[in-house]
Amino acid sequence: MDKIENKSTEKKPSLNFLEQIVENDLKNGINDGRLLTRFPPEPNGYLHIGHAKSICLNFGLAEKYGGKTNLRFDDTNPTKESTEYVNAIMEDVRWLGFQWQEPVLYASDYFDKLYELAVYLIKKSKAYVCHMSAEEISTGRGTPQTPGKESAWRNTSVEQNLREFEKMRIGEYKEGERVLRAKIDMASPNMWMRDPVMYRIMFAHHHRTDNKWCIYPMYDWAHGQSDYIEGITHSICTLEFVPHRQLYDWFLENLDIKGTRPRQYEFARLNLTYTVMSKRKLLQLVEEKYVDGWDDPRMPTVSGLRRRGYTPASIRTFADRVGVAKRENMIDVSLLEFCIREDLNKNAPRAMVVLNPVKLIIDNYPENQQEKLPAIINPEDAESKKRMVPFSREIYIEREDFMEDPPKKFFRLAPGAEVRLKYAYIIRCDSVIKDEQGNTSEIHCTYFPDTKSGMQSNRKVKGTLHWVNIDTAVEIEVKLYDRLFSVPEPENVDEGQDFKDFINADSLKMVKGYGEPFINEFFPGKGFQFERLGYFSADKESAPGNLIFNRTVTLRDSWAKENRG
RNA sequence: UGACCGAUGGUGUAACGGUAGCACUACAGUUUUUGGAGCUGUCUGUCCAGGUUCGAAUCCUGGUCGGUCAACCA
């Protein structure tokens, strides 16, 4: 090779700690160079942006290093799980743009196998059926500072345990009367090693196995063994499972497994400012009707973000930018907003919509004349086509774009001031008509025909306004969303306070608006920019003749900032 | 008062014993028929104390601070 290596300019791609582990394993031929990750949601709720981070991590790692990813539902607690959630989760993963290795898997697929493995442990005298109540077990476990006490049933014979376990399975005991426990170490400094429960009795209908079982495996027992059964190489979970890793490894070791030995690795979950991320709290917001369902556009759920107008690409970029590490973090929601603006700025068609209209009359424009003015659909896109925008004597502009007595740097319309109407003409405000309450009801202007958009003109103005021709205006409904909470960390409030005390009362405002005819072409699932206002997305309930838009995010607004400060 | 995990600008995240970089935020300039976008720039950082070393964000020791762990939840 005569290629010259230039070390000083060569930049090593920076890898997160999981990528480093995977690269090393691959390089060292661990698992025969195989990479198989998994995304293991419990179908007891909807996916949120934190799960999206985990999805991007697991699927992303496999994509990057030529591996595969399983989608496995961790459905070991039938009282909390349902197919509604299963379906919603599959839809979200697909929508994010990831493909799992077929078929979809379930921990419940392995209930028979798990039972056999439990019997194996009993035979090795590594598991036993305990008769103590939940409370007794809990107190018997001791505290992190003091060792626990051994169960009276810890040393019963293998034969008796086998019989007891069988009786648990066939339903001879009531819920809570028996439990299968691993026999490990009641004095371990790790609470999870103090004879953890492997099976409990639940006479519950399971969404997949119906009433076949009345004993169900606990997470720690089911999860690692499912990983092993599937041949998972890297089992990636969040930090709270760090203490479980010792147990994860203990089960695998004592099962004398052959073949791929899965390894558990932990990373820090995502936290976002101005929202909550715990499933319990999200469920509470839904059930207590603070929001309109799991896919309410204010929710940090994947379905909520989708309805809000976020794109899969923006969420994947976001997941990329937040990074992966082991320290607790709190991501500023403005990073998420940046990611969607960045995407939509490049890709969203533009249209003019007025949300708080005031009538403007161009006195010197002929009464019965209408023009169709060409306007670029997306100035950021070199290939962009044009749309035609109707213009005539009477138009709407935003009330905020006019001030009778403006401050110094107000570049918009005011008596005697001149502005450009985007894609149209420069106008000058001549007079104002007010109603009985003193509110401006009509603004009268003069236009300058030689300033038509595209023409060379010496007249210069500081401001450009969007507008909508009244004759042809399309009436629409618009939902203006803001952050759901008024404090950056609603999950971290003082004692005696509840996260719900900090719900932002103004997180949703509904207004009527008027749009140019082009917005009739807007459909749900696609993002648009209403010029100078923000990005909007047609709601799923939007239909021709009844257009409803959700505001995804505003444009940055340095004028509003200056005004405030 | 135990065990485990962690600590780099306002927020995240790199640097793997050799120039503390990148992104977001904030601010400033430039540009603009979106007060948007773009472009340019600025501010702000290695938790503390010792040690090893020619050299420490990085290795060692001790502290401090934060998080996690006592469900028949996952």
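Quick caveat: nothing in here was measured; it's all calculated off a predicted structure. Here is the naming used below: chain letters follow the sequence lines, and residue numbers restart at 1 for every chain.
Atom pair A:Leu239:CG and B:G6:P shows a separation of 8 Å (rounding to whole Å applied). Put simply, CZ on A:Arg269 is 19 Å from P on B:G66, counting in whole angstrom units. If you measure from atom CD1 of A:Ile340 to atom P of B:A37, you get 15 Å, rounded to the nearest angstrom. Taking atom NE2 of residue A:His244 and atom C1' of nucleotide B:A74, one finds them 9 Å apart after rounding to whole Å. In this structure, the CG atom of A:Asp195 is 16 Å from the C1' atom of B:A71, given to the nearest Å. Straight-line distance from the CZ atom of A:Phe528 to the P atom of B:G36: 24 Å, rounded to whole Å.
Taking only side-chain nitrogens and oxygens, A:Ser138 comes nearer than 4.0 Å to OP1 or OP2 of B:A71. Side-chain nitrogen and oxygen atoms of A:Ser558 include at least one within less than 4.0 Å of the OP1 or OP2 phosphate oxygen of B:G36. The phosphate of B:A26 has OP1 or OP2 within less than 4.0 Å of a side-chain N or O from A:Arg556. Of the side-chain N and O atoms in A:Ser14, none sit less than 4.0 angstrom from OP1 or OP2 of B:G21.
Counting any heavy atom pair closer than 4.0 Å across all strands shown, A:His466 reaches no nucleic acid atom. At the heavy-atom level, A:Gln246 lies nowhere under 4.0 Å from the strands shown. Residue-level contact check: A:Tyr216 touches neither bases nor backbone, having no heavy atom under 4.0 Å from any strand. Among the protein residues, A:Thr143 comes within range of the nucleic acid bases, having at least one heavy atom under 4.0 Å from a base atom. Residue contacts for A:Ser133: at a heavy-atom cut-off of 4.0 Å it reaches a base atom on one of the strands shown. Heavy atoms of A:Val461 sit nowhere under 4.0 angstrom from any nucleic acid atom. Across all strands shown, A:Ala134 has heavy atoms under 4.0 Å from base atoms, whether or not it also approaches the sugar-phosphate. At a threshold of 4.0 angstrom between heavy atoms, the contacts of A:Lys80 are confined to the sugar-phosphate backbone, with no base atom among them. Within 4.0 Å of A:Glu328, counting heavy atoms only, lie sugar-phosphate atoms of the nucleic acid but no base atom. Using a 4.0 Å heavy-atom criterion, one finds that A:Ser453 contacts the bases of the nucleic acid, with or without backbone contacts as well. Among the heavy atoms of the strands lying under 4.0 Å from A:Ile331 are primed sugar atoms or P, OP1, OP2 only; no base atom is included. Nucleic acid contact class of A:Pro40 (heavy atoms, under 4.0 Å, all strands): none. Here A:Tyr423 lies in heavy-atom contact (under 4.0 Å) with a base. Using a 4.0 Å heavy-atom distance criterion, A:Gly148 is classed as making no nucleic acid contact.
Proximity note for A:Arg532 (side chain, C-beta onward) versus B:G12, B:A37, B:G35: the nearest is B:G35. Of the candidates B:A26, B:C72, B:G12, the closest approach to any side-chain atom of A:Arg141 belongs to B:C72. If you check B:A74, B:C16, B:A14 against the side chain of A:Gln20, the one that comes closest is B:C16. In the set B:A70, B:G6, B:C24, the nucleotide with an atom closest to the side chain of A:Arg327 is B:G6. For A:Leu335, whose side chain is taken as the heavy atoms from C-beta onward, the closest listed nucleotide among B:G36, B:A23, B:A74 is B:A23. Picking from B:A74, B:C69, B:G35 the nucleotide with the shortest atom distance to the side chain of A:Pro144 gives B:C69. Closest approach to the A:Pro379 side chain among B:A74, B:U11, B:U34 is made by B:U34 (side chain taken as heavy atoms from C-beta onward). Nearest to the side-chain atoms of A:Trp192 among the listed nucleotides B:C5, B:A70, B:C72 stands B:A70. Listed candidates were B:G35, B:C72, B:U25. Nearest to the side chain of A:Phe338 is B:U25. Considering only side-chain atoms of A:Met218, the nucleotide from B:U13, B:C4, B:C73 that sits closest is B:C73.
Remark on RNA chain B: of its neighbouring residues A:Met191 and A:Asn16, the 5'-side contact belongs to A:Asn16, judged by nearest-heavy-atom nucleotide. Both A:Ile201 and A:Leu533 sit near RNA chain B, but only A:Leu533 has its closest nucleotide nearer the 5' end.
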>> Pair A:Ser235, A:Arg38 - check side-chain hydrogen bond (donor to acceptor under 3.5 Å, both in side chains), show working.
In response: CA-CA 7 Å; A:Ser235 184; A:Arg38 101 268 92 109; 3.1 Å; yes
> Hey, mind stepping through A:Gln264 and A:Glu266 against side-chain hydrogen bond (donor to acceptor under 3.5 Å, both in side chains) and telling me if it holds?
Replying inline: CA-CA 7 Å; A:Gln264 176 183 302; A:Glu266 310 87 13; 3.0 Å; yes
> Run the side-chain hydrogen bond (donor to acceptor under 3.5 Å, both in side chains) check on A:Glu135 and A:Ser133 step by step: do they pass?
Replying inline: CA-CA 5 Å; A:Glu135 215 184 311; A:Ser133 70; 5.5 Å; no
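In summary, the aromatic rings of A:Phe318 and A:Tyr310 are positioned with their centroids too far apart to meet the 6.0 Å limit. A:Tyr85 has its ring centre less than 6.0 Å from the ring centre of A:Tyr46. Between A:Tyr219 and A:Phe241, the gap from one ring centroid to the other is short of 6.0 Å. Aromatic pair A:Phe111/A:His206: centroids less than 6.0 angstrom apart.
Between the C1' atoms of B:A20 and B:U8, the separation comes to 8 Å (whole Å). Here, B:C59 and B:U13 have their C1' atoms 23 Å apart, quoted to the whole Å. Remark: the separation of the P atoms in B:C39 and B:U32 is 16 Å, to the nearest Å. Only the C1' atoms considered, B:C48 is 23 Å distant from B:U11, to the nearest whole Å. Nucleotides B:A23 and B:U42, compared at atom P, are 13 Å apart to the nearest Å. With C1' as the reference atom, B:U58 and B:C16 are 7 Å apart, rounded to whole Å. Here, B:G62 and B:A71 have their C1' atoms 38 Å apart, quoted to the whole Å. B:G51 and B:G66 have their C1' atoms separated by 26 Å, with the value rounded to a whole Å.
The two residues A:Leu270 and A:Asn329 come nearest to each other via the heavy atoms CA-OD1, 4.0 Å.
For B:A26, the base is anti relative to its sugar; the glycosidic angle deviates from 0 by more than 90°.
With hydrogens and angles ignored, no donor-acceptor pair closer than 3.5 Å exists between the side chain of A:Glu240 and the base of B:U68. Interface remark: the A:Arg321 side chain does not form any donor-acceptor pair with the B:U13 base, using a distance-only criterion of under 3.5 Å. Below the 3.5 angstrom threshold, one finds a donor paired with an acceptor across the side chain of A:Glu380 and the base of B:G36. Judged by distance alone with a 3.5 Å cut-off, no donor-acceptor contact links the side chain of A:Arg341 to the base of B:G36.
Counting non-hydrogen atoms of other residues, nucleotides and ligands closer than 6.0 Å to NZ of A:Lys279 gives a total above 12.
With centroids closer than 5.5 Å and planes inclined by less than 30 degrees as the test, A:Trp559 and the base of B:G35 pass as a stacked pair.
Remark: A:Arg459 does not engage A:Asp450 in a salt bridge, criterion side-chain N to carboxylate O under 4.0 Å.
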